[in-house]
Amino acid sequence: MTTDNSAFTSDLVRLLDERGYIHQMTNAGALDALAAKQIIPGYIGFDATAPSLHVGSLVQIMLLRRMQQAGHKPIVLMGGGTTKIGDPSGRDASRQMLSDADIAANIASIRRIFEPFLTFGDGPSDAVMVNNADWLDQLGYVEVLRTVGPHFTINRMLTFDSVKLRLDREQPLTFLEFNYMILQAYDFRELSRSHGARLQMGGSDQWGNIVNGIELARRMDGTELFGVTTPLLTTANGAKMGKTASGAVWLNPDQLSAHDYWQ
């Protein structure tokens, strides 16, 4: 995305643009104006599918750090609930199902990764960590169908890359995974109501999921929310660098030594 950073008035958007973090952004002018006049709580979600995040997630961690450096409030959303579903984005197969105990252990391990980068606390711009299992686990199936389901059409859901690419490759996509985008959209709405979140950030493969959340909050609550995506960190052949790629570069030193990380 090409932007004219001379037009930005907020430290946040100008910093993200100058550092090359911005791939796509919704309503850049309105987000810039809001960031110039108030503290914005913004979040990124991380599913707990392993005891560590990988180097591809470091871009997102740094995005939260830059947000805090600009005087805004980072929210680290751990996907204790969505990990039970599995994000189909960029995948050719379903994720392995994890137990609640495994997910809880992974979240505890992952939290340590954020501590050198973010200041956690109760202050206006202090980071907080929340778990979407706190609200997703409480949802009733019929309730979701009646209150959230009418705001999504199958026609549009089938156009998103996370679904379309899997179907184009004739790889199975379970109904469980198909619901992931609905739950992620619900997360944005919930965080806007409970934590005042106005911004969701993520890798470029999350664009469709982020836009879904923006539209859901607008339709259900009349709230204006914003989204920013970053370029993905990829391997030499252009594939997304993730947990399941051969030779995944882990951030937790228990899984990859500092020497091996730099190698």
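- Val144 and Leu136 fall within a single hydrophobic cluster, where Ile, Leu, Val, Met, Phe, Trp and Tyr are joined by side-chain heavy atoms under 4.5 Å apart, directly or via other members.
- Atoms CG and CD1, from Asn212 and Ile182 in turn, are 8.5 Å apart once rounded to the nearest 0.5 Å.
- Closest approach of Ile113 and Ser52 over heavy atoms only: CD1-OG, 3.7 Å.
- Note that NE2 of His72 is 4.5 Å distant from CG of Leu12, once rounded to the nearest 0.5 Å.
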Test side chain to side chain contact (heavy atoms under 4.5 Å, CB included) applied to Asn106 and Leu98, step by step
CA-CA 10 Å; Asn106 287 347; Leu98 299 177; 3.9 Å; yes
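- A single hydrophobic cluster is not seen to contain both Leu191 and Val211; linkage of ILVMFWY side chains at heavy-atom distances under 4.5 Å, directly or through other members, places them apart.
- No side-chain heavy atom of Phe160 sits under 4.5 Å from any side-chain heavy atom of Trp207.
- Residues His23 and Pro231 have side chains in contact (heavy-atom distance under 4.5 Å, counting atoms from C-beta outward).
- Its side chain within the 4.5 Å cluster rule, Phe175 clusters with Tyr141, Leu145 among the Ile, Leu, Val, Met, Phe, Trp and Tyr residues.
- Formation of a donor-acceptor pair under 3.5 Å by the Asp168 side chain with backbone atoms of Leu165 is not found in this model.
- Side-chain contact check for Glu224 and Asn27: at least one donor-acceptor pair (N or O, by modelled atom type) lies under 3.5 Å.
- No side-chain heavy atom of Leu216 sits less than 4.5 Å from a side-chain heavy atom of Asp221.
- You'll find the side chain of Leu63 reaches within 4.5 Å of the side chain of Gln60, heavy atoms only.
- A donor-acceptor pair under 3.5 Å links the side-chain atoms of Asp32 to the main chain of Ser10, judged by distance alone.
- Residues Leu64 and Met201 come closest through the heavy atom pair CD2-CE, 3.8 Å.
- Between Met78 and Val130 there is no side-chain heavy-atom pair separated by less than 4.5 Å.
- Here the side chain of His54 pairs a donor or acceptor atom with the backbone of Gly56 at under 3.5 angstrom.
- Residue Gly80 comes nearest to Ala133 through the heavy atom pair C-CB, 3.7 Å, listed as atom of the first residue, atom of the second, then distance.
- Atom OG1 of Thr26 is separated from atom CD of Glu215 by 10.5 Å, given to the nearest 0.5 angstrom.
- The local environment of CZ in Arg19 is sparse, with at most 12 non-hydrogen atoms from other residues, nucleotides or ligands closer than 6.0 Å.
- No donor-acceptor pair under 3.5 Å is formed between the side chain of Arg198 and the backbone N or O of Pro41.
- Side-chain contact, Ser99 with Asp102: a donor N or O sits under 3.5 Å from an acceptor N or O.
- Closest approach of Phe8 to Arg14, counting heavy atoms only: O-NH2, 3.3 Å.
- From Leu251, atom CG reaches atom CD1 of Ile61 across 5.5 Å, with rounding to the nearest 0.5 Å.
- Asp47 and Thr82 form a side-chain donor-acceptor contact under 3.5 Å, judged by distance and modelled atom types alone.
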Please report the C-alpha distance between Met97 and Leu176 in whole Å, then the side-chain angles of each, then the deciding distance to 0.1 Å, and finally whether the side chain to side chain contact (heavy atoms under 4.5 Å, CB included) criterion is met.
CA-CA 11 Å; Met97 300 293 284; Leu176 180 70; 4.1 Å; yes
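- Between Ile110 and Phe114, the closest side-chain pair of non-hydrogen atoms falls below 4.5 Å.
- Separation of atoms OG (Ser109) and CG (Leu53) is listed at 9.0 Å; rounding is to 0.5 Å.
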Could you walk me through whether Asp126 and Phe120 pass the side chain to side chain contact (heavy atoms under 4.5 Å, CB included) check?
CA-CA 5 Å; Asp126 285 344; Phe120 288 87; over 6 Å; no
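- Asn132 approaches Gly81 most closely through the heavy-atom pair OD1-N, 2.6 Å.
- The salt bridge (charged side-chain N to carboxylate O under 4.0 Å, His left out) analysis of residues 57-73, with sequence neighbours excluded, yields no pairs.
- Applying the salt bridge (charged side-chain N to carboxylate O under 4.0 Å, His left out) test to every pair with at least one member in residues 128-151, sequence neighbours left out, gives these pairs: Lys84-Asp137.
- Both Val59 and Met67 are members of a single hydrophobic cluster when ILVMFWY side chains are connected at heavy-atom separations under 4.5 Å.
- Looking only at distances, no side-chain donor or acceptor of Arg189 sits under 3.5 Å from a matching main-chain atom of Met220.
- Note on Ile75 and Ile39: separate hydrophobic clusters, where clusters join Ile, Leu, Val, Met, Phe, Trp and Tyr whose side-chain heavy atoms are under 4.5 Å apart, directly or indirectly.
- By the criterion of side-chain heavy atoms lying less than 4.5 angstrom apart, applied directly or through intervening Ile, Leu, Val, Met, Phe, Trp or Tyr residues, Leu232 is not grouped with Ile210; the two fall into different hydrophobic clusters.
- No side-chain donor-acceptor contact under 3.5 Å links Gln184 and Asp187.
- For Tyr43 and Phe188, the distance between ring centers is under 6.0 angstrom.
- Residues Leu225 and Ser192 come closest through the heavy atom pair CD2-CB, 3.8 Å.
- Using a 4.5 Å cut-off on side-chain heavy atoms (C-beta onward), Phe46 and Ile107 make no contact.
- Distance check: Phe226 CZ to Leu34 CG gives 5.5 Å after rounding to the nearest 0.5 Å.
- Gln200 places none of its side-chain heavy atoms less than 4.5 Å from the side chain of Gln206.
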